Amino acid sequence: MVRVPFRAAADRVRHRLTRFTRPKLAARTTARTPGDLTGAAPKPYVRALSMLAVVVIGAWLGLLAVGSIRTPVGPMDTNMTLRPSLTGGSKINVSPLGALELDSHIAPLRLDVDVDRLDPVRSQALVDQPERFSGLQDEVTRDVAAGTRELAVRSCVAVISGATALGLVVYRRPRRALAAGGLALTLLAASGVSAYATWNPKSVLEPKFSGLLSSAPSLVGDARSIVTEFDIYQQELARLVTNVTRLYDATSTLPVYQPDPGTIRALHVSDIHLNPAAWHIIASLVEQYEIDVIIDSGDTMDHGSAAENGFLDPIRDLGAPYVWVRGNHDSMVTQAYLEKFRNVRVLDDGRTVNVAGLRIAGTGDAQFTPDRSKPVGGKAAAELEGMRLATSLRDQEQAGTPVDIAVAHDPNTARQTDGTVPLVLAGHLHNRINEQLKGGTRLKVEGSTGGGGLRAVQNDKPEKVRASVLYLDRSTRRLQAWDEITLGGLGLTTAEVSRHLPEENLKKDAPSSPAPTPSPTRSPARPTPSP
């Protein structure tokens, strides 16, 4: 009998809850759409993000499916494609030789041009009628412009179709699908405006070439094979330099790249660290680029012992004067041994030499740390040595014999010369830095030309081999351009050649002293510095 009143009270509570919840359930039911499986109406920003995702994915799929055209460019057959990209730019793929990258524009779209083949008919016409070469550049320009216009139209169709089709699949409502297509067209138009507004025709002055030596023997692949077959490895590296510089020249045949007899070519190397492959690379660069002087900013050795001195002997046969400063891994024993070489100019304590039309001054590193102990004096000692070098540079300028290039091993030393010399070179960090200092001096820090040395085989990832070719005007002795050469580390056979111009040259319509390329007719997170 007691259960009856309790049951009645429970029924009353259940009835009241049902009265309050029924309208809310009805509202949620009417808010659902046929394709909505969430049960609740999404918030506005969620709807906007989902629409944007549908538009981007649909547009990307549309570009992949039909967003490319096949068009002739001069004697070549090419495929032009627009691809989504975070950085923009243009990429010309010359398979299997490599690719040329240009920072042509800033937009979320990149232009890819794949060179498929040379058309035999059009190529033969150029051979039979050499006078057509004079108009080839205009013909190529017209072909590229026509192809770009056709690609723009096709890309619009591809983007709208892809976004609309995916919108129809996701939303199952024609109105939402058409909205997706319209938004895709708007985003494409905005990207086009961004590309047009940031278009940089001078990007052809600073191309970046990357290539792969396909003929490298398969045994050059891991640390063990490098130890057993190192002679083959270093020969392949030298051949790689030769091949890539030729490909770079062949791919970048623009008038501004013709060799200039008024240019001094200096090769900047650093931090070889007892890697014998470096001498083959340097010798190949000297030959291919017709180098006038080699500048080494130190750490040629690992321990600076007399037993290592024989490693330096190939310097005699590199075919160019060799300017050297002591690094923190080079001892006074190393320095005394190099001073005996006829083609070597050792710089220390602000000493100055005249080589290849350049006046170069430098100083050795203030510390010697091959035992990996904590540097004595550290940064303060390096800066103090830089102050002494800066004083020497100012004295020489007052004497009417200003220095063109200063050299030090530690960038902390090099920075102290700001305002006393146009260009200062350094190493030590195993990474490149290019910086215009406040006083007007340009600081260029080179990476490791020895790929960190033979001990780099102990690392999980090989350190890259780096060197730079500097082009200086013979009359003003100012830096006009430089090429950064980057090779894959031990066991790798990739290579890149990237051209750069100082900001003052980029601002000009035509650089006063164009940067030359190697002659094609000649024979073949910041890493921690080593303590």
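This one's a predicted model, so the numbers in the text were calculated from it and none came from an experiment.
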Judged by atom type as modelled, is there a donor-acceptor pair below 3.5 Å linking the side chain of T449 to the main-chain atoms of S270?
-> yes
Out of curiosity, T81 OG1 to I69 CD1, how far, rounded to the nearest 0.5 Å?
-> 8.5 Å
Rounded to the nearest 0.5 angstrom, the CG-CD distance for D271 and E463 is 8.5 Å
Do other residues, nucleotides or ligands put more than 12 heavy atoms under 6.0 Å from the CZ atom of R83?
-> yes
Whether H428 and H409 hold their rings parallel, tilted or perpendicular, with breakpoints at 30° and 60° = perpendicular
Any ion pair linking R432 and E446 (charged N to carboxylate O, less than 4.0 Å)?
-> yes
What are the two closest non-hydrogen atoms of T417 and G386, and how far apart are they?
-> CG2-O, 4.3 Å
Within the distance-only criterion (no hydrogens, no angle test), does the side chain of D418 pair as donor or acceptor with the backbone N or O of T441 below 3.5 angstrom?
-> yes
Only residue of I281, I485, V269 satisfying side chain to side chain contact (heavy atoms under 4.5 Å, CB included) with V465 is I281
Hey, does V54 have a side-chain heavy atom less than 4.5 Å from the side chain of R176?
-> no
Chi angles and distances behind the side chain to side chain contact (heavy atoms under 4.5 Å, CB included) call for L470, L425 | CA-CA 11 Å; L470 312 178; L425 306 179; 4.1 Å; yes
Is it true that a side-chain atom of T198 and a backbone atom of H105 form a donor plus acceptor pair closer than 3.5 Å?
-> no
Is the shortest heavy-atom distance from the side chain of I282 to the side chain of I272 under 4.5 Å?
-> yes
Heavy-atom nearest pair, A177 first then G167, reads CB-C, 3.8 Å
If you look at every heavy atom in A408 and T413, which pair is closest and at what distance?
-> CB-CG2, 3.8 Å
Looking only at heavy atoms, what is the nearest atom pair of V445 and P411, with distance?
-> CG2-CG, 4.0 Å
Identify the two heavy atoms, one from G450 and one from A278, that lie closest to each other, and give their separation to 0.1 Å.
-> CA-CB, 4.4 Å
Roughly how far, to the nearest 0.5 Å, is the NZ atom of K91 from the CG atom of D114?
-> 9.0 Å
Any side-chain heavy-atom pair from H500 and N434 closer than 4.5 angstrom?
-> no
Residue pair H273 / H430, side-chain heavy-atom distance below 4.5 Å = yes
Between W482 and R442 the two heavy atoms that sit nearest each other are CH2-NH1, 3.9 Å
Has L168 got more than 12 heavy atoms of other residues, nucleotides or ligands less than 6.0 Å from its CG?
-> yes
Considering the options D292, L358, T263, which one meets the side chain to side chain contact (heavy atoms under 4.5 Å, CB included) requirement together with R474?
-> D292
Are the side chain of S191 and the backbone N or O of A107 linked by a donor-acceptor pair below 3.5 Å?
-> no
Close side-chain approach of S498 and T486, heavy atoms under 4.5 Å | no
Could you please spell out the steps behind the side chain to side chain contact (heavy atoms under 4.5 Å, CB included) verdict for I405 and L479?
-> CA-CA 10 Å; I405 301 176; L479 183 66; over 6 Å; no
Distance from T78 atom OG1 to R70 atom CZ, nearest 0.5 Å?
-> 8.0 Å
Interatomic distance, L285 atom CG to S468 atom OG [nearest 0.5 angstrom] = 10.0 Å
Does a side-chain heavy-atom distance below 4.5 Å link I291 with V469?
-> yes
Tell me, yes or no, whether the heavy-atom count around D103 atom CG, taken from other residues, nucleotides or ligands under 6.0 Å, exceeds 12.
-> no
With no hydrogens and no angle check, is any side-chain donor or acceptor of S284 less than 3.5 Å from a backbone partner on H280?
-> no
Hey, what do you get for CD1 (I106) to CH2 (W199), rounding to the nearest 0.5 Å?
-> 12.5 Å
Does L111 reach the side chain of S104, with side-chain heavy atoms less than 4.5 Å apart?
-> no
Within-4.5 Å side-chain heavy-atom neighbours: M80 and E150 = no
